[in-house]
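Structure first, commentary second.
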Protein chains: 2
Amino acid sequence: MASSRQSPPRDHLLATASRLFYNDGINRVGVDRVLQEAGVTRATLYRHFAGKEALVVAYLEREDKVIQALWKEGLDRAVSADHALELAIEGIADDAYRHHTRGCPFIKAAGEYPDPESPVRQLINKHRAWFHAELRRLLAEAGRDDVDGRAEILAMLRDALMVGCFLDDPDVTRRTFVRAARRVAGLR
Amino acid sequence: MASSRQSPPRDHLLATASRLFYNDGINRVGVDRVLQEAGVTRATLYRHFAGKEALVVAYLEREDKVIQALWKEGLDRAVSADHALELAIEGIADDAYRHHTRGCPFIKAAGEYPDPESPVRQLINKHRAWFHAELRRLLAEAGRDDVDGRAEILAMLRDALMVGCFLDDPDVTRRTFVRAARRVAGLR
DNA sequence: GGTTAGAGAAAGAACGGTCGTTCTCTCTGA
DNA sequence: TCAGAGAGAACGACCGTTCTTTCTCTAACC
């Protein structure tokens, strides 16, 4: 367990792999391409990761961590429970519109890993459960009724936002999402 | 142009490829596996299709045709414009809940084909444009205001339904979709 | 009418390339 | 001196594709 976490070559490798996996699809990107673009050699990859699937899991874990960090950071500015809901909706919209313009990394990965028992799919389930729970928490703290129903549809709107910013008009999709999400969240 | 359309081996091959591509992901399924499960030989594949990408395009074209046929068939039973909206929403929910339980074939394919200019992506755009247009048509025929806005959010709800029936609880997702979609469509 | 030449489709061997992985060798620094 | 990391060759397996061979059915000719 010498180099399991936080080593510069590992981080660089993971960042490169993440970019390639997200942009081109996991199954389309071979380890050779990751190594070439990262400028490291095979031995480096297999020293830090057990194999390609471990690299994929690390990629999604990294996405999960970044998203959770941005989420918490964004909500720190909230001055009220209603304001937290507003910030959450704007933050989700910004993320899809500006950064995740090629769809949701988790939804995409699920499409490439058909086995529901695989570590990849379990990680995806964990991430989605976290997001649902966060939405329920924000809605409950704002005193809304039907917390479960509202959270469910907000989560669905986020999935749709990700798809729409990828495949349809990002501006229209974003505007539609914000309008609908605010209504569901009981804002305005 | 002897065997361009409607030949049994071609149809059987395409049906097998469609099932495998949809269930396991296009890039995960090699032609060997398609051939083996279809019980045909390589020569048969390359006689009817130019290559794997042509097979993928044919798979999505087939999905597109089936969906459009089901859509039209379902709407034929409508006795009014409002009833058509109801049938459309129920039909979409049924399709995701019963048949397309592993996500939307087009959204999944888009994730595996990063080049927006590729024939695959163009076909996906065409299908999505058709669906948006159909929603606008139904809403306009029912005399609703803000046809574009309503159609946009209905289309988004359908994308979310597909994702949710794949990765979350299908029952909850379906119920949430129908409730929200009926409200957006101005029903009840 | 029987035979055979020819076209079309199927069978499967084989191609070069890439997949993910493992190996050996060399270098480096303590 | 020696453990550990990097470099790169090499592995078997599979990728999508092409090739040659075999089979079959048709049609024309004797």
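In what follows, every chain begins at residue 1, and chains take the letters A, B, ... in the order their sequences are listed. Just so it is clear, the model here is predicted, and its values are computed rather than measured.
Per the geometry, CG belonging to B/Asp32 stands 13 Å off P belonging to C/dA13, to the nearest Å. Regarding B/Lys52, its NZ atom lies at a distance of 8 Å from the P atom of D/dC15, rounded to whole Å. In this structure, CZ of B/Arg33 is placed 12 Å from P of D/dG16, rounded to the nearest angstrom. Rounding to whole angstrom units, CD of residue B/Gln36 and P of D/dG16 are separated by 14 Å. In this structure, the CG atom of A/Asn27 is 14 Å from the C1' atom of D/dC14, given to the nearest Å. Between the C1' atom of D/dA7 and the CG atom of A/Leu35 lies a distance of 12 Å, rounded to the nearest Å. In this entry the distance linking CD of A/Glu53 with C1' of C/dC19 reads 15 Å, nearest Å. Look at CZ on B/Phe49: it is 13 Å from P on D/dT17, rounded to the nearest Å.
For B/Val31, whose side chain is taken as the heavy atoms from C-beta onward, the closest listed nucleotide among C/dA11, D/dG16, C/dT21 is D/dG16. In the set D/dG6, C/dA11, D/dG16, D/dG6 carries the atom at the smallest distance from any side-chain atom of A/Thr44. Among the nucleotides C/dA9, D/dG16, C/dC19, the one closest to any side-chain atom of B/Tyr46 is D/dG16.
At a cut-off of 3.5 angstrom, the base of C/dG12 holds at least one donor-acceptor pair with the side chain of B/Thr41.
If you find the closest nucleotide of DNA chain C to B/Val40 and to A/Arg42, the one lying nearer the 5' end belongs to B/Val40.
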Please test A/Lys126 against A/Gln122 for side-chain hydrogen bond (donor to acceptor under 3.5 Å, both in side chains), starting from the C-alpha separation and ending with a verdict.
CA-CA 6 Å; A/Lys126 208 189 81 184; A/Gln122 287 180 20; over 6 Å; no

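A distance of 4.5 Å separates CG in A/Asp94 from CZ in A/Arg174, rounded to the nearest 0.5 Å.
Taking 4.5 Å as the limit, every side-chain heavy atom of B/Leu85 sits out of range of all side-chain heavy atoms of B/Arg182.
Here A/Tyr22 and A/His100 bring their ring centres to under 6.0 angstrom of each other.
Judged by distance alone, the side chains of A/Gln36 and A/Asp32 never bring a donor and an acceptor atom under 3.5 Å apart.
Residue B/Val34 is classed as having no contact, given no heavy-atom separation below 4.0 Å to the nucleic acid.
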